[in-house]
Trainee: 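First the structure, then my questions, so here it is.
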Amino acid sequence: MEIAENFGTTVLAAWEGRLEFAELIDYTTRLESTGLSPLAAVLYQTWLSRTQSPYAHAVNFNLGATLSNLGDLVGAEAAYRRALAMLPVFAQPRLNLGLLLERTGQMDAAMAEWKWIVANCPRDEATKPLVQLALNHLGRVAEGRKQFPDADAWLIQSLLLEPNQPDVLHHWVFLRQKQCAWPVYADVPGVSKEAMREATSALAMLSISDDPKEQLHAAEQFVATKLAKDLPHLTDGRSYGHRKLRIAYCSSDFCLHPVSLLTVEMFEL
């Protein structure tokens, strides 16, 4: 493989301080695209140790992302923190650092990074997507911690920033139900009631409407937007020749769960 064969020459250039930032990014991108992320990490580390550059914060960020993908969470955290020490207003490492801290169970620390982004980043075209992601992460984690009012507030902020977010609306509607906040479809500037209804999950729709058509539509929406359409068939289409129709029931909830408890009698009958 040509790119791997050239690695020695490239890392030598980095060691000697001759590798330009643009060349570094181009080469490491090609390394990672061909599954050679460990070599990309070595090249980033060599370049950072041997090169004085105003772009060192960006390279530390890239190194952090690479190490995180490789499972080196300690090394990734150190790289993100070096990037932030060099440029405290650099929002991208904070977003990723929050995800890394979440993975290691440091939930409060993770949320603190995202809250910093929300409080300090402008809502311009460059940073608006980062603020939006930070708000969504805050809402997601708060919901998981059963801090429903907080989660509701974070997701509302996200929707005010960008109304066209069906997945955020999906969670927000469910949050309203969990809080018994009626009506569920409350007024949100820029978000129509129709958009809320279209984003409502099939499960949530069961307690919003008793109209079978609406419940069916919610189920069809879920299938259309969440399930893969190009999966291979389980059989070649030929009949097994059984005299009676045979049905398989598949569920992740065949345990001490309402689904299994409520279907026992159906199976018995």
Trainee: When you measure from the side chain of R123 to the backbone N and O of C121, does any donor-acceptor pair fall under 3.5 Å?
Mentor: yes
Trainee: Side chains of E194 and S192: do they bring a donor and an acceptor to under 3.5 Å?
Mentor: no
Trainee: Surrounding OH of Y55 (heavy atoms of other residues, nucleotides or ligands, distance under 6.0 Å), is the total greater than 12?
Mentor: no
Trainee: With hydrophobic residues grouped by side-chain heavy-atom distances under 4.5 Å, do L24 and F7 end up in a single group?
Mentor: yes
Trainee: Under a 4.5 Å cut-off applied to non-hydrogen side-chain atoms, are R176 and M196 in contact?
Mentor: no
Trainee: Could you tell me whether K244 atom NZ has more than 12 heavy atoms of other residues or ligands within 6.0 Å of it?
Mentor: no
Trainee: Examine distances only and state if a side-chain atom of R197 and a backbone atom of M205 form a donor-acceptor pair shorter than 3.5 Å.
Mentor: no
Trainee: To the nearest 0.5 Å, what is the distance between CD (E214) and CG (L216)?
Mentor: 11.0 Å
Trainee: With sequence neighbours excluded, what pairs up with D26 under the side chain to side chain contact (heavy atoms under 4.5 Å, CB included) test?
Mentor: R30
Trainee: List for me each residue that meets side chain to side chain contact (heavy atoms under 4.5 Å, CB included) alongside S251, sequence neighbours excluded, and say none if there are none.
Mentor: D253, F254, V259
Trainee: Between E77 (side chain) and L73 (backbone), is there a donor-acceptor pair under 3.5 Å?
Mentor: no
Trainee: Working note: F61 + L84, criterion side chain to side chain contact (heavy atoms under 4.5 Å, CB included); need CA distance, chi angles, decisive distance, verdict.
Mentor: CA-CA 9 Å; F61 168 66; L84 291 171; over 6 Å; no
Trainee: Quick check: do L12 and T10 have side-chain heavy atoms less than 4.5 Å from each other?
Mentor: no
Trainee: Assess the side chains of Q165 and N136: does a donor N or O sit below 3.5 Å from an acceptor N or O?
Mentor: yes
Trainee: Holding to ring pair (Phe, Tyr, Trp, His ring centres under 6.0 Å), I want the full list of residues that pass it with H233, two or more places apart in sequence or in another chain.
Mentor: none
Trainee: Any side-chain to backbone donor/acceptor pair from T28 onto A40? Under 3.5 Å, distance only.
Mentor: no
Trainee: Taking the side chain as every heavy atom from C-beta outward, state whether N62 and I25 have any atom pair closer than 4.5 Å.
Mentor: yes
Trainee: Do V168 and Q132 touch side chain to side chain, with heavy atoms closer than 4.5 Å?
Mentor: no
Trainee: Any side-chain heavy atom of P149 within less than 4.5 Å of one from Q179?
Mentor: yes
Trainee: Could you tell me whether L227 atom CG has more than 12 heavy atoms of other residues or ligands within 6.0 Å of it?
Mentor: yes
Trainee: Could you please spell out the steps behind the side chain to side chain contact (heavy atoms under 4.5 Å, CB included) verdict for L95 and E113?
Mentor: CA-CA 7 Å; L95 189 74; E113 296 298 335; over 6 Å; no
Trainee: Is it the case that over 12 heavy atoms from other parts of the model lie below 6.0 angstrom from the CZ atom of R246?
Mentor: no
Trainee: Hey, any chance L67 and L36 share a hydrophobic cluster, counting ILVMFWY side chains that come within less than 4.5 Å of each other, even indirectly?
Mentor: yes
Trainee: Of all residues at least two apart in sequence or in a different chain, which pass the side chain to side chain donor-acceptor pair (under 3.5 Å) check with D167?
Mentor: K226
Trainee: Look at the side-chain heavy atoms of Ile, Leu, Val, Met, Phe, Trp and Tyr, link any pair under 4.5 Å apart, and say whether L63 and F90 land in one connected group.
Mentor: no
Trainee: Is the shortest heavy-atom distance from the side chain of W154 to the side chain of V141 under 4.5 Å?
Mentor: no
Trainee: Between F267 and Y249, is a side chain to side chain contact (heavy atoms under 4.5 Å, CB included) present by the stated rule, with each step listed?
Mentor: CA-CA 10 Å; F267 296 136; Y249 295 90; 3.5 Å; yes
Trainee: Main chain of L130, side chain of T127: is a donor-acceptor contact present, judged purely on distance under 3.5 Å?
Mentor: no
Trainee: Taking everything shown except D210 itself, do over 12 heavy atoms lie less than 6.0 Å from its CG?
Mentor: no
Trainee: Could you walk me through whether K128 and E162 satisfy the side chain to side chain contact (heavy atoms under 4.5 Å, CB included) test, starting with their C-alpha distance in whole Å, then the side-chain angles of each, then the deciding distance to 0.1 Å, before giving a yes or no?
Mentor: CA-CA 9 Å; K128 174 183 169 181; E162 173 50 65; 3.8 Å; yes
Trainee: My understanding is that only residues two or more places apart in sequence, or in another chain, count here; which of them pass side chain to side chain donor-acceptor pair (under 3.5 Å) with H137?
Mentor: R140
Trainee: Sequence neighbours excluded, which residues qualify as side chain to side chain contact (heavy atoms under 4.5 Å, CB included) partners of M86?
Mentor: A56, H57, N60
Trainee: Answer yes or no: are there more than 12 heavy-atom neighbours, outside L234 itself, under 6.0 Å from its atom CG?
Mentor: no
Trainee: I need the S201 OG to Q177 CD distance, nearest 0.5 Å.
Mentor: 7.0 Å
Trainee: Does some side-chain heavy atom of L99 sit less than 4.5 Å from a side-chain heavy atom of W114?
Mentor: yes
Trainee: Does the side chain of V118 come within less than 4.5 Å of L135's, by heavy atoms?
Mentor: yes
Trainee: If Ile, Leu, Val, Met, Phe, Trp and Tyr residues are connected whenever their side-chain heavy atoms lie under 4.5 Å apart, and connections chain through other members, are L159 and V131 in the same group?
Mentor: no
Trainee: Decide, yes or no, whether a salt bridge links D211 with K213 under the criterion of side-chain N to carboxylate O below 4.0 Å.
Mentor: no
Trainee: What's the separation between atom OG1 in T200 and atom CH2 in W172, rounded to the nearest 0.5 Å?
Mentor: 9.0 Å
Trainee: Considering only NZ, NE, NH1 and NH2 on the basic side and carboxylate oxygens on the acidic side, decide whether D152 and K178 come within less than 4.0 Å.
Mentor: no
Trainee: Is it true that T66 and Y44 share a donor-acceptor pair across their side chains at a distance under 3.5 Å?
Mentor: no
